[in-house]
Amino acid sequence: MKIVSWNVNSLNARLPFVLDWVAKHEPDVLCLQETKLKDDDFPYQAFKDIGYNSVHFGQGRWNGVAIVSKAKGEDVVCGGVAEYFEGQLEARHLAATVEGIRVHSVYVPNGRSLEDAHFDYKLRWLGDLRSLLEKECKLFDQILVAGDFNIAPDDQDVWDPAAYVGCTHVSDDERSALKSIEDLGFVDVARHLNPNDVQFSWWDYRGGAFHKGEGLRIDLALVSNSLISRVVSARIDRDARKVSKAGKPSDHAPLELCLR
DNA sequence: ATGGTAGGTGCCCTA
């Protein structure tokens with residue numbers, strides 16, 4: 001079984017690219033972030049045509065999360081996490097049960113800067129995610145939380161830690177909030193399976209960052225302790241960050257998990 | 001040399 005998480009940075013702009021990738025890699029489950037679509041605009045039929053069911057939670061313009069899967073997603077829950085910033089809806093969380101696995105697709109707020117109100121929102125959002133997962137742990141055994149966390153868990157997940165001093169994505173507060181979620185009984189599976197690897201998942205579009213290796217590992221898959229024994233591999237598909245004949249890439253690459 | 005790119009929406013915002 002293959003489960004993938006991918007921030008596509010607009011599914012509208014990326015659809016041919018994503019469909020091409022899905023046809024080649026045939027994931028069983030695909031968690032998407034930053035679809036930037038309203039629910040009515042989600043390309044349900046395009047995925048149906050290649051054998052996939054979709055559930056989506058979006059508002060249009062920004063954010064938007066989906067779970068696309070060969071088997072139908074059930075017990076769908078949208079939100080359940082702090083979904084409002086100053087009264088404005090932000091669609092950043094969606095859960096569904098697929099083949100007995102409770103799957104959460106998450107798009108954690110960026111935070112902008114440590115002084116910005118969006119940074120407080122980011123921490124509040126992570127606290128609410130923790131509360132939600134604490135409840136989910138009582139209801140489900142095999143849980144996967146995959147998405148763009150906008151947090152580099154450790155300095156080895158940053159191309160140049162010195163360049164990020166005082167920045168979001170690496171602060172103690174964010175890393176502690178992530179650790180607090182892991183303490184519920186979750187494992188950062190890519191780091192767990194590849195303890196010494198440097199596998200970034202995001203590179204800024206600007207300044208040729210991808211080609212210079214200037215990336216971060218901020219796309220994560222957390223799995224519950226009962227699911228970790230099923231995961232045999234975790235890798236980032238760097239090739240999907242390159243321009244291809246299917247089109248231009250997202251600034252994030254997909255994280256691929258293989259389960260037995 | 002203190003920049004740049006990409007994608008939304010609509011002549012700026014977000015990442």
Side-chain angles (χ1 to χ4, degrees), chain A residues 5-21 31-43 46 56-66 81-93 105-126 146-152 157-160 162-171 174 178 200-220 236 238-255:
Chain A
S5 178
W6 195 4
N7 177 324
V8 293
N9 185 23
S10 171
L11 190 55
N12 194 37
R14 210 72 57 209
L15 189 60
F17 195 98
V18 170
L19 291 175
D20 182 71
W21 191 92
C31 298
L32 298 176
Q33 299 88 35
E34 278 207 271
T35 63
K36 298 186 178 178
L37 295 174
K38 293 189 180 78
D39 289 338
D40 288 347
D41 295 331
F42 189 87
H56 179 255
F57 177 43
Q59 64 196 107
R61 294 187 71 182
W62 297 306
N63 313 309
V65 283
V81 184
E83 297 288 347
Y84 289 85
F85 177 76
E86 294 178 350
Q88 294 293 313
L89 175 68
E90 300 201 332
R92 296 177 175 276
H93 168 265
S105 181
V106 300
Y107 176 45
V108 177
N110 173 289
R112 301 192 183 182
S113 73
L114 299 185
E115 304 76 29
D116 198 290
H118 286 86
F119 185 72
D120 294 326
Y121 173 56
K122 182 178 196 173
L123 296 178
R124 191 166 71 247
W125 201 95
L126 288 163
D148 177 1
F149 279 75
N150 273 313
I151 300 170
D157 302 312
V158 181
W159 66 276
D160 180 8
Y164 276 82
V165 172
C167 296
T168 60
H169 296 62
V170 303
S171 72
E174 289 157 88
L178 177 62
F200 300 141
S201 67
W202 171 86
W203 299 260
D204 201 309
Y205 281 123
R206 296 167 289 187
F210 178 66
H211 298 285
K212 290 191 259 181
E214 299 177 355
L216 302 176
R217 188 177 74 92
I218 54 176
D219 296 86
L220 311 175
I236 300 288
R238 285 185 80 260
D239 287 342
R241 181 60 178 78
K242 300 171 183 170
V243 175
S244 81
K245 56 182 182 296
K248 291 194 285 185
S250 168
D251 46 354
H252 295 253
L255 168 62

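Order of the sequence lines sets the chain letters (A, B, ...), proteins ahead of strands, with each chain counted from 1.
If you take CD of E34(A) and P of dG7(B), they are 12 Å apart, rounded to a whole angstrom. Distance, N7(A) CG to dT14(B) P: 17 Å, rounded to whole Å. Residue F17(A) contributes atom CZ, which lies 11 Å from atom P of dG7(B) at whole-angstrom precision. One interatomic measurement links the two molecules: NE2 of H252(A) to P of dT5(B), which rounds to 18 Å at whole-angstrom precision. Distance E90(A) CD to dT14(B) P: 10 Å, rounded to the nearest Å. What separates CG of N63(A) from P of dG8(B) is a distance of 14 Å, to the nearest Å. Whole-Å rounding puts the Y205(A) OH to dT5(B) P distance at 13 Å. Separating the CG atom of N9(A) from the C1' atom of dT9(B) is a distance of 14 Å, rounded to the nearest angstrom.
Annotation: cation-pi geometry satisfied between R92(A) and Y107(A) (NZ/CZ under 6.0 angstrom from ring centroid, within 45° of ring axis).
dG4(B) sits 13 Å from dA15(B) when the C1' atoms are compared, rounded to a whole Å. If you take atom P in dC11(B) and the same atom in dA6(B), they sit 23 Å apart, rounded to whole Å. dG7(B) sits 24 Å from dT2(B) when the C1' atoms are compared, rounded to a whole Å. Distance check on atom P: dT9(B) versus dT14(B) gives 14 Å, rounded to whole Å.
Note: Y164(A) and W159(A) have perpendicular aromatic rings, judged against thresholds of 30 and 60 degrees for the angle between ring planes. Ring geometry, W203(A) versus F210(A): the interplanar angle exceeds 60°, so the pair is classed perpendicular (tilted spans 30 to 60°).
Using a 4.0 Å cut-off, some side-chain N or O of R112(A) falls inside it from OP1 or OP2 of dA15(B). Dashed line: the shortest gap from a side-chain N or O of K36(A) to OP1 or OP2 of dT9(B) is not under 4.0 Å. Between R14(A) and the phosphate of dG7(B), there is a side-chain N or O to OP1/OP2 separation shorter than 4.0 Å. Taking 4.0 angstrom as the limit, R61(A) places none of its side-chain polar atoms (N or O) nearer than this to OP1 or OP2 of dC13(B).
Of the candidates dG8(B), dG7(B), dA15(B), dG8(B) carries the atom nearest the N12(A) side chain, counting heavy atoms from C-beta on. The side chain of W62(A) approaches dT14(B) more closely than any other nucleotide in the set dT14(B), dT9(B), dG4(B).
Between H169(A) and the choices N110(A), D157(A), I151(A), the side-chain contact (heavy atoms from CB on, under 4.5 Å) rule is met once, by N110(A).
Side-chain atoms of N9(A) and S250(A) include no donor-acceptor pair closer than 3.5 Å.
Taking the nucleotide of DNA chain B with the nearest heavy atom to each of P109(A) and P249(A), the more 5' of the two is matched to P249(A). The residue among L11(A) and Y107(A) whose nearest nucleotide of DNA chain B lies closer to the 5′ end is L11(A).
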